[in-house]
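Report on the structure given below.
Index from 1, following the sequence.
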Amino acid sequence: MTIEIGDKLPTLTLPASAGKTVVLNKDYAGKKLVVYFYPKDNTPGCTLEGQDFTRLYPLLQKANAEVLGVSKDSVKAHDNFCTKFGFPFLLLSDTEEAACTAFGAIVEKSMYGKKYMGIDRCTFLFNEKGKLVRAWRSVKAKGHAEEVLAAVQAL
């Protein structure tokens, strides 16, 4: 079962960049929360998306929102990715696919005619009460952060 509009933030604890551990349903109480899933650190689309969220981060924070990126990469890979591009928000390491499964972010993909299971580029917006108010699935990286910012500011 995947998360639907109106559902509460799942109870998940995940290791994060910067030596942190995040408890999704507790650590961001009283804040809007943007949780975005992306396929892989240091790939063009994922880098662009992270850079766009970084550029808009001050505006998101001004709107009482926090941003978390999630992929199956290791914490070490996330730390390197954050350092290389100056991401001011945490990246969560979901090597066991617990968050990916809870959010329905694992989908069948196809590359060069081969089918495989991978992370769908998708984003979820939770309000200050921890309820899901918006979900974007199978998004294109370019321009997506701006669309998320507009939704955050409209809350």
request  = I would like to know whether Val148 and Phe53 meet side chain to side chain contact (heavy atoms under 4.5 Å, CB included); could you show each step before the answer?
outcome  = CA-CA 9 Å; Val148 173; Phe53 277 119; 4.0 Å; yes

message = Is there a path of hydrophobic side-chain contacts, each under 4.5 Å between heavy atoms, that joins Leu59 and Leu68?
response = no

query = Per the side chain to side chain contact (heavy atoms under 4.5 Å, CB included) rule, which among Leu91, Thr54, Leu90 passes with Cys82?
reply = Leu91

request  = Side-chain contact test, heavy atoms from C-beta onward, threshold under 4.5 Å: evaluate it for Thr43 versus Thr47 and give yes or no.
outcome  = no

query = Heavy atoms, side chains only, cut-off 4.5 Å: are Arg121 and Tyr36 in contact?
reply = no

Least distance between heavy atoms, Pro10 atom then Leu24 atom = O-CB, 3.6 Å

query = Hey, does Met117 have a side-chain heavy atom less than 4.5 Å from the side chain of Lys109?
reply = no

ask   = Is there a donor-acceptor pair closer than 3.5 Å between any side-chain N or O of Asp94 and the backbone N or O of Ser71?
value = no

message = Do Val22 and Phe103 land in one hydrophobic cluster if side-chain heavy atoms of ILVMFWY residues count as linked below 4.5 Å?
response = yes

Residue pair Ala65 / Val152: nearest heavy atoms and the distance that separates them = CB-CG1, 3.7 Å

task = Would you give the length of the straight line joining atom CG of Leu48 to atom CG of Asp52, rounded to the nearest 0.5 angstrom?
result = 4.5 Å

Test side chain to side chain contact (heavy atoms under 4.5 Å, CB included) applied to Asp120 and Ile106, step by step = CA-CA 6 Å; Asp120 180 36; Ile106 298 286; over 6 Å; no

key: Test item: Phe37 and Cys100 side chains (from C-beta on) under 4.5 Å apart, heavy atoms   = yes

key: pair Val70-Val35: side-chain heavy atoms closer than 4.5 Å   = yes

message = Pair Val34, Lys32 - check side chain to side chain contact (heavy atoms under 4.5 Å, CB included), show working.
response = CA-CA 7 Å; Val34 174; Lys32 298 169 192 166; over 6 Å; no

ask   = For Leu33 and Leu125, what are the C-alpha separation, side-chain angles and deciding distance, and is it a side chain to side chain contact (heavy atoms under 4.5 Å, CB included)?
value = CA-CA 6 Å; Leu33 183 62; Leu125 173 58; over 6 Å; no

query = Between Leu12 and Ala102, which heavy-atom pair has the shortest distance, and what is it?
reply = CD1-CB, 4.2 Å

inquiry  = Below 30° counts as parallel, above 60° as perpendicular, anything between as tilted: where do the rings of Trp136 and His144 land?
reply    = perpendicular

message = For a 4.5 angstrom cut-off between non-hydrogen side-chain atoms, does Glu4 reach Thr2?
response = yes

query = When you measure from the side chain of Asp7 to the backbone N and O of Ile3, does any donor-acceptor pair fall under 3.5 Å?
reply = no

query = Taking the inter-plane angle between the rings of Phe89 and Tyr57 on a 0 to 90° scale, is it parallel (under 30°), tilted (30 to 60°) or perpendicular (over 60°)?
reply = tilted

key: NZ (Lys20) with more than 12 external heavy atoms under 6.0 Å   = no

ask   = What are the two closest non-hydrogen atoms of Ile5 and Ala135, and how far apart are they?
value = CD1-N, 3.9 Å

message = Rounded at 0.5 Å granularity, tell me how far CG in Asn25 sits from OG1 in Thr11.
response = 3.5 Å

query = Are any of the side-chain nitrogens in Arg134 or Glu147 under 4.0 Å away from the carboxylate oxygens of its partner?
reply = yes

ask   = With a 4.5 Å heavy-atom cut-off, do Phe87 and Val67 have their side chains touching?
value = no

note = Nearest heavy-atom approach of Asn64 to Gly30 is ND2-O, 3.0 Å

ask   = Any side-chain donor-acceptor pair under 3.5 Å between His78 and Asp41?
value = yes

ask   = Would you call Asp73 and Lys40 a salt bridge, taking side-chain N to carboxylate O under 4.0 Å as the test?
value = yes

task = Working to the nearest 0.5 Å, report the span between OG of Ser93 and NZ of Lys76.
result = 13.0 Å

query = More than 12 non-hydrogen atoms from neighbouring residues, nucleotides or ligands closer than 6.0 Å to NZ on Lys8, yes or no?
reply = yes

With sequence neighbours excluded, residues passing side chain to side chain donor-acceptor pair (under 3.5 Å) with Arg137 = none

ask   = Salt bridge between Glu146 and Arg55, side-chain N to carboxylate O under 4.0 Å?
value = yes

key: ring pair (Phe, Tyr, Trp, His ring centres under 6.0 Å): pairs with one or both residues in residues 5-34, sequence neighbours excluded   = none

ask   = Which pair of non-hydrogen atoms, one from Leu132 and one from Phe126, has the smallest distance, and what is that distance?
value = N-CD2, 3.4 Å

query = Does a side-chain N-to-carboxylate-O contact under 4.0 Å join Glu128 and Lys31?
reply = no

inquiry  = Quick test of your reading: applying ring pair (Phe, Tyr, Trp, His ring centres under 6.0 Å), list the pairs with at least one residue in residues 2-23, sequence neighbours left out, ordered by first then second residue.
reply    = none

inquiry  = For Ser17 and Asp79, which I'm curious about, is there any donor-acceptor pair between the side chains at under 3.5 Å?
reply    = no

inquiry  = Taking the side chain as everything from C-beta on, heavy atoms only, tell me whether Leu60 gets closer than 4.5 Å to Leu149.
reply    = yes

query = In terms of ring plane angle, is the pair Tyr38 and Phe81 parallel, tilted or perpendicular, where the classes change at 30° and 60°?
reply = tilted

ask   = Rounded to the nearest 0.5 Å, how far apart are CD of Glu96 and CG of Leu14?
value = 10.0 Å

